[in-house]
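In what follows, a structure is listed as structure tokens, so that the remarks can point back to it.
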Amino acid sequence: MAKTPYTPRDALLDFWAFGLKEARACLFAGLFFLSVFLVPKTGWAGIPRYDLLLVIALGIQAVMVWTKLETWDELKAISLFHVVGFALEVFKTSSHIQSWSYPDPGYTKVLGVPLFSGFMYAAVGSYIIQAWRLFDLRVLHHPPYWMATLLACAIYANFFTHHFIGDYRWYLAACTLGLYARATVEFTPRQRPLRMPLLLAFVLIGFFIWLAENISTFMGIWKYPNQMGAWTTVHVSKWSAWSLLVIMTFTIVTHLKHVKARVYVPD
């Protein structure tokens, strides 16, 4: 049977459905960053801003589990993103590194890092998990899990080690290109499955996280050393760092049981 032709109207409807599902997948991240806009810098009712953001993030997460928008297994994965992200924050803001800082006061700061910061990493994991379900994602020609996991670990390690033994980000990026060169993600905005290179998806998600980082630093949530006097755009090199972090997050998600069933790893 011949396939139904794909018309411009179909493309427009798919684009509209894609946008709606993307917005839905960004529910946690969207509500969290909306809170960043709405919570005053001085806090509210005597509660510092960082502490309010933690309470809001916990509330959003609890509602998503209660309404079954996320499962307990998915919450475990998201909690892992929180821990991994918080550990990175503690290292990056330490007195020896000082890559950025959290200048505002807060009762829930541990080692100089507010506990809500881990939710910024968890938001990326939440988005990928939600997108997987909403778009009925399938990954074709995914690399062997052990290779993908080894690369993800190397990416995470480089965020720490580049302060001591050099930045191997571009070597890791080259390994990523080779490993995921054939990988394709199949997604369904409406009825007909569409495809795009998985590498392109990593880069696009990294770009939007970089935009969110610019908004967050503009709002003074955290600051880089060059933003202490006056705000400036976050350097575009952070885009590549975020894209690599997305790959690490994606690798963790692919180990979820119901996700693994939708990933094709060729023999």
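- At least one side-chain heavy atom of Thr233 sits less than 4.5 Å from a side-chain heavy atom of Trp210.
- When the side chain to side chain contact (heavy atoms under 4.5 Å, CB included) test is applied to Phe91, the partners found at least two apart in sequence or on another chain are Ile97, Phe160, His163, Phe164.
- Hydrophobic clustering places Phe33 together with Ile215 (ILVMFWY residues linked when any side-chain heavy atoms are closer than 4.5 Å, directly or through intermediates).
- For Leu177, the side chain to side chain contact (heavy atoms under 4.5 Å, CB included) partners at least two apart in sequence or on another chain are Leu199.
- Between Ser94 and His96, the side chains place no donor N or O within less than 3.5 Å of an acceptor N or O (distance only, hydrogens not considered).
- Between Phe86 and His82, the angle of the ring planes stays under 30°, which puts this pair in the parallel group of the 30/60° scheme.
- Listed by first and then second residue, the salt bridge (charged side-chain N to carboxylate O under 4.0 Å, His left out) pairs that reach into residues 115-126 come to none, sequence neighbours excluded.
- When all heavy atoms are compared, the tightest approach of Val110 to Val90 is O-CG2, 4.4 Å.
- Through side-chain heavy atoms spaced under 4.5 Å, either directly or across other Ile, Leu, Val, Met, Phe, Trp or Tyr residues, Trp170 is tied to no other residue.
- For Asp104, the salt bridge (Lys or Arg N to Asp or Glu O under 4.0 Å) partners at least two apart in sequence or on another chain are Lys41, Arg49.
- For residues 196-209, no pair satisfies side chain to side chain donor-acceptor pair (under 3.5 Å), with sequence neighbours left out.
- In this structure, the side chain to side chain contact (heavy atoms under 4.5 Å, CB included) partners of Ile56, at least two apart in sequence or on a different chain, are Ser35, Val39, Ile60.
- A salt bridge links Arg133 with Glu74: the distance from a Lys NZ or Arg NE/NH1/NH2 to an Asp or Glu carboxylate oxygen falls below 4.0 Å.
- With sequence neighbours excluded, no residue forms a side-chain hydrogen bond (donor to acceptor under 3.5 Å, both in side chains) with Trp239.
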Can you give each donor-acceptor pair under 3.5 Å made by side-chain atoms of residues 111-126, sequence neighbours left out, with the distance rounded to 0.1 Å?
residue	atom	partner	partner atom	Å
Ser117	OG	Pro114	O	2.9
Tyr121	OH	Glu89	OE2	2.6
Ser126	OG	Glu70	OE2	2.8

Going by atom type alone, with no hydrogens or angles, which donor-acceptor pairs under 3.5 Å involve a side-chain atom of residues 136-146 and a protein atom two or more places apart or on another chain?
residue	atom	partner	partner atom	Å
Asp136	OD1	Arg262	NH2	2.7
Asp136	OD2	Arg262	NH2	3.2
His141	ND1	Arg182	NH2	3.1

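- Val65 forms part of a hydrophobic cluster together with Trp72, Leu75, judged by ILVMFWY side-chain heavy-atom separations under 4.5 Å.
- The other members of the hydrophobic cluster of Leu20, by chain and number, are Trp16 (side-chain heavy atoms under 4.5 Å, ILVMFWY only).
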